[in-house]
Amino acid sequence: MNFLAHIALSGQNPKLIMGNFSGDYVKGKLDFTKKMGFDPDFLDGLRLHRFIDHLTDTHPIVKEMIRQLRGHYGRGASIVTDIAFDHFLARNFNRFYDLSLRDFVNGFYKVYSEYSDLIPVEMRPLAESLVENDWLFKYREWETVERTLKSMARRYTFLGDFSRSPTMFKENLGTFEAYFLEFYPGLKRECERFLAGRGVGESEGGDLELS
């Protein structure tokens with residue numbers, strides 16, 4: 001899962017949303033020292049992020065999709081899958097949530113503007129670019145997926161030449177989207193159980209219109 005899905009699966013607590021959004025930038029065990037440095041709701045967001053990643057990485061549907069992509073993307077197949085799933089979620093957002101994608105993303109931008117001080121410093125340039133360029137909303141467009149893959153290929157040489165491969169992905173878009181549509185409802189239910197079990201998910205500031 002990439003940024004859009006992590007945010008969408010976070011419930012309505014703004015600090016938890018920011019923790020889930022930041023999960024890739026907080027490494028290592030959440031030991032006593034780290035726990036003392038984080039707001040409890042933000043910490044629950046970090047835990048949810050890892051919960052989502054574990055469920056995604058170990059699910060048979062996701063494993064099969066990665067297997068099919070590995071011949072074209074090599075070690076980058078799992079990254080391509082994460083990006084593609086945000087694209088599919090953006091395209092099908094109204095299947096899973098009452099809000100439109102536009103209203104949901106605007107709601108997150110409001111949360112970000114109020115709670116951006118919670119995220120790690122090293123993440124802020126990327127986060128600012130994401131908001132400024134409206135990438136979360138633009139992920140509904142295939143061109144955004146292609147642009148993202150090409151940009152990552154330039155930054156991370158170990159991923160190989162992504163620029164040759166988007167055509168292959170686009171030709172099989174229906175198959176991969178079907179994988180996502182089969183997988184996401186179960187992931188959403190598990191995240192709802194996770195949040196209910198921790199007694200979190202409600203916004204301290206009222207309805208933020210994020211679900």
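- You'll find the side chain of Leu173 reaches within 4.5 Å of the side chain of Trp142, heavy atoms only.
- Side-chain atoms of Ile66 and Arg70, non-hydrogen and from C-beta on, do get closer than 4.5 Å to each other.
- The main-chain N or O of Tyr25 is never found under 3.5 Å from a side-chain atom of Ser22 such that the two would form a donor-acceptor pair.
- Checked options Phe93, Phe176, Tyr184; the residue passing with Phe88 is Phe176 (criterion: side chain to side chain contact (heavy atoms under 4.5 Å, CB included)).
- Closest approach of Ser10 to Ile17, counting heavy atoms only: CB-CG1, 3.7 Å.
- Atom CD of Glu141 and atom CD of Glu146 lie 11.5 Å apart (nearest 0.5 Å).
- Annotation: side chain of Asn20 is in contact with side chain of Ile52 (closest heavy-atom distance under 4.5 Å).
- There is a side-chain donor-acceptor pair under 3.5 Å between His6 and Asp53.
- The shortest distance between side-chain heavy atoms of Leu195 and Asn13 does not fall below 4.5 Å.
- Between the CE atom in Met65 and the CD atom in Glu182 there is a gap of 12.5 Å [rounded to 0.5 Å].
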task = Would you please test Asp134 and Tyr109 for side chain to side chain contact (heavy atoms under 4.5 Å, CB included) and show each step?
result = CA-CA 9 Å; Asp134 200 19; Tyr109 292 159; 2.7 Å; yes
request  = Show the numbers, then the answer: is there a salt bridge (charged side-chain N to carboxylate O under 4.0 Å, His left out) between Arg189 and Glu192?
outcome  = CA-CA 5 Å; Arg189 286 192 300 271; Glu192 289 166 354; over 6 Å; no
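- With rounding to the nearest 0.5 angstrom, the CG atom of Leu136 is 5.0 Å from the CD1 atom of Ile7.
- Using a 4.0 Å cut-off between charged nitrogen and carboxylate oxygen, Arg47 and Asp44 count as a salt-bridge pair.
- With hydrogens and angles ignored, the 3.5 Å screen pairs a side-chain donor or acceptor of Asp39 with a backbone N or O of Asp41.
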task = Quick one: do Tyr139 and Ile83 satisfy side chain to side chain contact (heavy atoms under 4.5 Å, CB included)? Show the steps, please.
result = CA-CA 9 Å; Tyr139 260 109; Ile83 294 169; 3.8 Å; yes
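- Among the candidates Phe183, Tyr179, Phe180, the single residue satisfying the ring pair (Phe, Tyr, Trp, His ring centres under 6.0 Å) test with His59 is Phe183.
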Ring pair (Phe, Tyr, Trp, His ring centres under 6.0 Å) evaluation trace for Phe21 with Phe108 = CA-CA 10 Å; Phe21 176 60; Phe108 171 71; 5.1 Å; yes
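- When the shell of 6.0 Å around CD of Glu64 is examined, it contains more than 12 heavy atoms from other residues, nucleotides or ligands.
- Defined by atom type and a distance below 3.5 Å, a donor-acceptor pair is present between the side-chain atoms of Asn92 and Glu177.
- Of all the heavy atoms in Leu46 and Gly19, the pair that sits closest is CD2-O, 3.3 Å.
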When the side chains of residues 116-125 are checked against the rest of the protein, which donor-acceptor pairs come out under 3.5 Å, sequence neighbours left out?
from	atom 1	to	atom 2	distance (Å)
Arg124	NE	Ile119	O	3.3
Arg124	NH2	Asp117	O	3.0
Arg124	NH2	Ile119	O	3.1

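- Within the 3.5 Å criterion, the main-chain N or O of Lys138 finds a donor-acceptor partner in the side chain of Thr144.
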Residues Asn2, Leu89; criterion side chain to side chain contact (heavy atoms under 4.5 Å, CB included); working and verdict = CA-CA 10 Å; Asn2 209 34; Leu89 177 58; over 6 Å; no
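- To the nearest 0.5 angstrom, Asp98 atom CG is 11.5 Å from Asp103 atom CG.
- In this structure, Met18 CE and Phe42 CZ are separated by 7.5 Å, a value rounded to the nearest 0.5 Å.
- Listed here is the closest heavy atom pair of Phe96 and Pro185: CE2-CG, 3.7 Å.
- A side-chain donor-acceptor contact under 3.5 Å links Asp86 to the backbone of Leu4.
- Counting only distance, with no hydrogens or angles, the side chain of Ser129 and the backbone of Leu126 share no donor-acceptor pair below 3.5 Å.
- Between the CG atom in Leu48 and the CG atom in Leu43 there is a gap of 11.5 Å [rounded to 0.5 Å].
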CA sep, side-chain torsions, deciding dist, call: Phe85, Val62, side chain to side chain contact (heavy atoms under 4.5 Å, CB included) = CA-CA 10 Å; Phe85 277 4; Val62 180; 4.0 Å; yes
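- Contact check on Asp57 versus Arg50 returns no salt bridge, with no Lys/Arg side-chain nitrogen under 4.0 Å from an Asp/Glu carboxylate oxygen.
- Across every non-hydrogen atom of Pro14 and Tyr115, the tightest pair is CB-CE1, 3.5 Å.
- Residues satisfying the side chain to side chain contact (heavy atoms under 4.5 Å, CB included) criterion with Glu132, sequence neighbours excluded, are absent altogether.
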